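These numbers come from a predicted model, not from an experiment. Lettering follows sequence order; numbering is per chain, from 1.
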Amino acid sequence: MAEYNPGVIEPKWQKYWEENDFYKTDEAGKKKYYVLEMFPYPSGKLHMGHMRVYSIGDVLARFLTMRGYSVLHPMGWDAFGLPAENAAIENKVHPADGTYANIEAMKKQQKALGISYDWDREVATCSPDYYKWTQWLFLLFYKRGLAYKKKASVNWCVKCATVLANEQVENGGCWRCSEDVVVKDLEQWFLRITDYAERLLDDLKLLSGWPERVRTMQENWIGKSEGAEIEFTIVGNGGKIPVFTTRPDTLFGVTYMVLAAEHPLVDELTRGTEREAEVRAFVDKTRKLTEVDRSSTEMEKVGIFTGASCVNPVNGEEVPILVGNYVLMGYGTGAVMGVPAHDQRDFEFAKKYNLPIRVVITPKDHLLKVEEMDEAYVDDGVLVNSAEFDGLPNEEGMRAITASLEQTDRGRAKVTYRLRDWLISRQRYWGAPIPIVYCAKCGTVPVEEDSLPVELPKDVVFKQGGQSPLAAHEGFLHTVCPACDGPARRETDTMDTFICSSWYYFRYTDPHNDEQAFNREKNDAWIPVDQYIGGIEHAILHLLYSRFFTKVLHDAGMTAAVEPFTRLLAQGMVNKDGAKMSKSKGNVVSPDEIIAKYGADTGRLFILFAAPPERDLDWSDRGVEGCYRFLKRVWRLVDRYAGAVAGQNGEIGAVEPAERELRRAIHLALKKVTEDIEDRFNFNTAISAVMEAVNAAYGYMNEKEDDIDTVVMAEALNLLVLMLAPFAPHLGEEMWQRLGNADSVHQQVWPAYDPSVLLQDEVEIVVQVNGKVRGRLTIPAGLNSEEMQSLAMGDQRIVEFIDGKQIVKAIAVPGKLVNLVVR
RNA sequence: GCCGAAGUGGCGGAAUUGGCAGACGCACUUGACUCAAAAUCAAGCGAUCUCUGAUUGUGCCGGUUCGAGUCCGGCCUUCGGCACCA
């Protein structure tokens with residue numbers, strides 16, 4: 001008897017697959033399926049999160065191939081980024097060398113896992129062949145007016161020595177290193193994602209294959225607010241202050257105005273007045289606060305009077321203008337009208353500074369009085385103290401007041417988003433250079449397409465915490481202007497790596513194209529990605545950016561798709577002992593160790609069996625042992641009968657009860673595995689169904705020993721191997737061969753279960769009395785309700801419960817249960 | 001504070017349409033094999049009690065229903081996201 005030896009069979013089959021170009025993608029047929037796992041940053045080492053996401057994708061890819069789909073299942077590298085550059089500073093290894101070495105190391109591990117990637121389509125975002133097209137896409141955005149440079153207050157991470165996009169600030173810290181983010185005024189490149197805010201929000205409707213929580217997170221991030229922009233006139237100079245409000249119905253309740261510290265009018269209104277020094281001190285103090293402090297809800301709301309006032313357009317009233325620490329320059333217009341009676345923040349602020357409070361919305365049943373209020377009234381109601389609008393329900397009041405403002409051009413309906421434009425400049429070396437030059441004569445000039453890529457020079461000096469090496473590289477810096485051939489200076493910022501990852505799934509469809517980013521026809525054959533799999537941490541970042549890119553590319557006529565990812569599976573984390581695996585906790589288990597000890601098939605099986613894919617999974621060494629035991633158990637079964645059943649593929653006619661039972665168990669498992677993979681992605685229950693089938697086969701084996709029906713056993717073993725093959729591809733291949741089959745198990749057609757085998761002559765039903773289980777009955781299959789009921793009532797045990805009682809009602813569910821209600 | 005998800009044995013989890021709660025695996029107990037152990041095969045395994053049976057049990061309280069882990073109302077806890085967004 002041969003032992004199960006994954007250390008031998010796994011490399012054997014990996015070699016076979018590789019030598020036979022096994023996972024090369026077919027032409028996209030009518031039934032195409034694009035399975036994609038988020039490509040990794042090449043850190044050099046796979047972790048369990050990687051192993052999990054690749055295992056999920058691989059089961060799908062293999063299963064769908066067997067189901068007759070042409071499957072695209074590629075892999076690549078999100079290869080630009082800070083860690084490589086930081087390593088360069090510390091270890092004196094060039095980021096390119098380090099990155100490519102890491103890629104090789106990780107690819108080796110992925111191959112050791114037996115994942116069915118088409119390596120011919122591999123892309124690395126740091127390769128000039130790839131970032132040429134990243135730069136080309138930047139120019140496309142630029143030409144379409146979607147890339148622009150402006151001076152703005154931006155988030156700066158001191159530790160990473162670069163700016164960050166809004167999406168990359170988490171709880172006031174850098175997403176990568178958690179360092180507190182500070183605000184700097186810098187001139188930077190942005191992509192106009194806000195132009196697409198409405199479509200990004202609207203098209204979430206199309207994403208029914210996404211988890212609801214991800215859609216909700218994106219919806220919240222885009223943060224649409226409908227309201228009005230209203231202009232107040234400054235007393236004295238006649239200037240205008242526009243404010244955004246979602247409550248135009250409360251306009252008559254305005255008793256003051258607050259500006260953000262950064263608002264340009266603050267300086268204008270106070271310059272040369274007696275209040276100048278005091279206001280400036282306040283502004284400076286406010287601006288020095290970190291983002292964390294400033295956005296904390298606990299921070300006290302403070303403000304200061306500017307000395308100026310403005311006029312409420314709706315009633316001509318003069319109200320004071322203040323500067324407040326709670327008004328954000330980046331949202332709305334950076335100015336807020338104060339309606340203390342109907343906004344809790346305004347209420348607290350007004351109490352603190354003794355500003356007047358005026359009720360303009362009152363509940364329908366009683367009149368709201370200021371003296372009785374200890375908090376703002378924010379619910380619906382009826383307008384009061386609002387001149388001709390008195391008596392209107394507030395919803396109607398909103399429309400009426402906005403319409404009235406529109407007529408006199410002092411305000412208008414307005415939609416505001418929380419989403420800001422995407423800041424894409426990075427003051428670092430290891431990224432795609434922004435293809436722009438600055439000419440003294442021509443100004444900002446895009447690099448011409450035929451001189452792309454703007455290549456990263458390799459001979460650069462990395463310094464600790466300093467500016468980007470590109471800015472100090474004379475050869476890179478100095479160039480000629482594409483417009484006038486005069487001397488010009490290159491942009492030295494590189495692009496946010498999230499740009500590179502926003503279009504890689506397009507490139508996989510045509511990875512070697514050196515004429516175009518990708519060919520439209522090849523792209524349309526595969527895109528959209530049918531199933532995308534990755535971590536929830538990208539719920540906003542990568543997934544929002546990719547949706548934005550797809551829409552721009554669609555508008556540019558490059559793709560038919562309006563959304564890139566039809567279905568999204570947000571896979572859970574892999575923990576150990578209830579905590580995230582981390583070096584500091586000492587609870588890290590690496591895929592390498594598992595492969596070495598049990599083989600890739602065991603590791604894959606465990607990671608899929610331990611929990612449904614979207615849930616967090618707790619790594620259990622015992623659980624892995626259990627899966628290893630299971631595979632050995634399958635191995636022994638096949639090993640015992642392989643010789644006896646090889647070639648036994650005759651027709652199965654009427655068979656004895658033991659054989660019928662085995663066939664039923666196998667076909668039942670096949671049905672469940674098929675449905676669990678296809679409809680539900682519940683690999684854990686699919687695997688448990690295979691386990692049950694194996695247990696049934698053991699039952700048959702223990703009963704019959706060597707006296708088995710070889711044709712029935714042949715069917716059982718072949719079906720078991722086919723079912724198991726997507727989960728344990730090496731073992732599947734080996735057993736398939738040992739059962740005497742030609743070709744690869746992975747090129748077989750996924751078997752269909754036989755419904756007639758599932759039919760039973762007799763079924764067990766449950767008999768309840770008053771909803772309580774009082775007995776079980778084996779009855780012929782296919783009886784109707786009346787027949788079931790009378791059989792149930794004739795059963796000795798049931799008679800004891802119903803004897804002498806009146807049967808009020810009886811419910812019979814065919815083939816399942818009878819419930820007798822007695823009194 | 002707002003939004004979302006989840007609470008089921010000692011543990012991971014199952015129950016897909018309202019119909020036997022706990023599939024499958026782990027752990028544990030027992031039997032077989034063995035000189036013995038490991039491995040393997042087999043059986044048992046929610047709790048309580050007056051133990052061939054009954055009662056009870058899916059975070060808590062209530063409801064709908066012949067019947068609720070599943071549906072409805074109200075809470076509690078945990079996790080995740082957003083958070084002065086005007």
Worksheet entry | Smallest separation among heavy atoms of R604(A) and P726(A), with atom names |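 Minimum heavy-atom contact is NH2-O, 3.1 Å.
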Discussion item. Using every non-hydrogen atom in the two residues, find where G303(A) and F282(A) come nearest and quote the distance to one decimal.
Written reply: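 Heavy-atom minimum between the residues: CA-CZ, 3.8 Å.
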Discussion item. Which helical stems does RNA chain B take part in, if a stem means at least 3 consecutive Watson-Crick or G-U pairs with both distances below 3.5 Å?
Written reply: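 In RNA chain B, stems of three or more pairs: B:1-7 with B:76-82, B:10-12 with B:24-26, B:28-32 with B:40-44, B:46-49 with B:53-56, B:59-63 with B:71-75.
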Discussion item. Measuring centre to centre across the rings, with the benzene-like ring taken for any Trp, is W422(A) within less than 6.0 Å of F498(A)?
Written reply: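 So the answer is no for these two rings.
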Discussion item. In this structure, is the centre-to-centre distance between the rings of F349(A) and Y326(A) below 6.0 Å?
Written reply: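 Yes, close enough.
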Worksheet item: So, are K224(A) and E198(A) salt-bridged, with charged N and O less than 4.0 Å apart?
Response: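 A salt bridge is present here (some side-chain N lies under 4.0 Å from a carboxylate O).
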N/O (side chain, [X]) to phosphate O (OP1/OP2, [N]) under 4.0 Å:
{"X": "R213(A)", "N": "C79(B)", "result": "no"}
{"X": "R633(A)", "N": "A42(B)", "result": "yes"}
{"X": "N684(A)", "N": "G12(B)", "result": "no"}
{"X": "R636(A)", "N": "C41(B)", "result": "yes"}
{"X": "R345(A)", "N": "G1(B)", "result": "no"}
{"X": "R418(A)", "N": "A83(B)", "result": "yes"}
{"X": "S225(A)", "N": "A86(B)", "result": "yes"}
{"X": "N695(A)", "N": "G25(B)", "result": "yes"}

Kindly say whether [Y] contributes a backbone atom to a donor-acceptor pair with the side chain of [X] at under 3.5 angstrom?
{"X": "D421(A)", "Y": "I193(A)", "value": "yes"}
{"X": "N325(A)", "Y": "V302(A)", "value": "yes"}
{"X": "N155(A)", "Y": "V181(A)", "value": "no"}

Just call it for [X]: base, sugar-phosphate, or nothing, with non-hydrogen atoms closer than 4.0 Å on any strand.
{"X": "Y698(A)", "value": "sugar-phosphate"}
{"X": "E625(A)", "value": "nothing"}
{"X": "R774(A)", "value": "sugar-phosphate"}
{"X": "K414(A)", "value": "nothing"}
{"X": "R622(A)", "value": "sugar-phosphate"}
{"X": "P612(A)", "value": "sugar-phosphate"}
{"X": "D616(A)", "value": "sugar-phosphate"}
{"X": "D676(A)", "value": "base"}
{"X": "T245(A)", "value": "sugar-phosphate"}
{"X": "V813(A)", "value": "base"}
{"X": "G626(A)", "value": "sugar-phosphate"}

Discussion item. Under the rule for side-chain hydrogen bond (donor to acceptor under 3.5 Å, both in side chains), what residues qualify as partners of E375(A), not counting sequence neighbours?
Written reply: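 If we apply the side-chain hydrogen bond (donor to acceptor under 3.5 Å, both in side chains) test to E375(A), skipping adjacent residues, there are no hits.
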Item to complete: Hey, which sits more toward the 5' end of RNA chain B by its nearest nucleotide, G623(A) or R615(A)?
Response: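 That would be R615(A).
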Worksheet item: Closest nucleotide of RNA chain B for T216(A) versus for V773(A): which of these residues is on the 5' side?
Response: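 Of the two residues, T216(A) wins.
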Pairwise [atom1] distance, [M] and [N] [rounded to whole Å]:
{"N": "C61(B)", "M": "G80(B)", "atom1": "C1'", "answer": "27 Å"}
{"N": "C24(B)", "M": "C76(B)", "atom1": "P", "answer": "38 Å"}
{"N": "U17(B)", "M": "C71(B)", "atom1": "P", "answer": "10 Å"}
{"N": "C49(B)", "M": "U34(B)", "atom1": "C1'", "answer": "41 Å"}
{"N": "A39(B)", "M": "C45(B)", "atom1": "C1'", "answer": "23 Å"}
{"N": "G81(B)", "M": "U29(B)", "atom1": "C1'", "answer": "46 Å"}
{"N": "A27(B)", "M": "A38(B)", "atom1": "P", "answer": "13 Å"}
{"N": "C85(B)", "M": "A5(B)", "atom1": "C1'", "answer": "25 Å"}

Worksheet item: Is K772(A) side chain donor-acceptor paired with the U55(B) base, going by distance under 3.5 Å alone?
Response: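 For K772(A), whose side chain was compared with the base of U55(B), there is no donor-acceptor pair (under 3.5 Å).
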Worksheet item: So does N220(A) reach the base of C82(B) with its side chain, donor to acceptor, closer than 3.5 Å?
Response: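 Check fails, no donor-acceptor contact within cut-off.
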Separation of [X] atom [atom1] from [N] atom [atom2], in whole Å?
{"X": "K816(A)", "N": "A15(B)", "atom1": "NZ", "atom2": "P", "value": "14 Å"}
{"X": "R629(A)", "N": "A42(B)", "atom1": "CZ", "atom2": "P", "value": "13 Å"}
{"X": "H538(A)", "N": "G81(B)", "atom1": "NE2", "atom2": "P", "value": "14 Å"}
{"X": "Y598(A)", "N": "C26(B)", "atom1": "OH", "atom2": "P", "value": "13 Å"}

Worksheet entry | Audit row: R547(A), Q218(A), side chain to side chain donor-acceptor pair (under 3.5 Å) steps and yes/no | CA-CA 11 Å; R547(A) 295 183 59 222; Q218(A) 292 214 352; 2.7 Å; yes
Worksheet item: Where does C60(B) land, syn or anti, given syn is within 90° of 0?
Response: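 For C60(B), whose glycosidic angle is more than 90° from 0, the conformation is anti.
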Worksheet item: Any idea if G9(B) is syn or anti, going by the 90°-from-0 cut?
Response: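 What G9(B) shows is a syn base, its glycosidic angle lying within 90° of 0.
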Worksheet item: What's the closest nucleotide to the I811(A) side chain, out of C85(B), G19(B), A23(B)?
Response: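 Output: G19(B).
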Item to complete: Just compare C24(B), G81(B), C84(B) and give me whichever is closest to any side-chain atom of S688(A).
Response: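 Given the options C24(B), G81(B), C84(B), the side chain of S688(A) is closest to C24(B).
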Discussion item. Does E661(A), at its CD atom, have more than 12 non-hydrogen atoms belonging to other residues, nucleotides or ligands within less than 6.0 Å?
Written reply: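 12 or below, so no.
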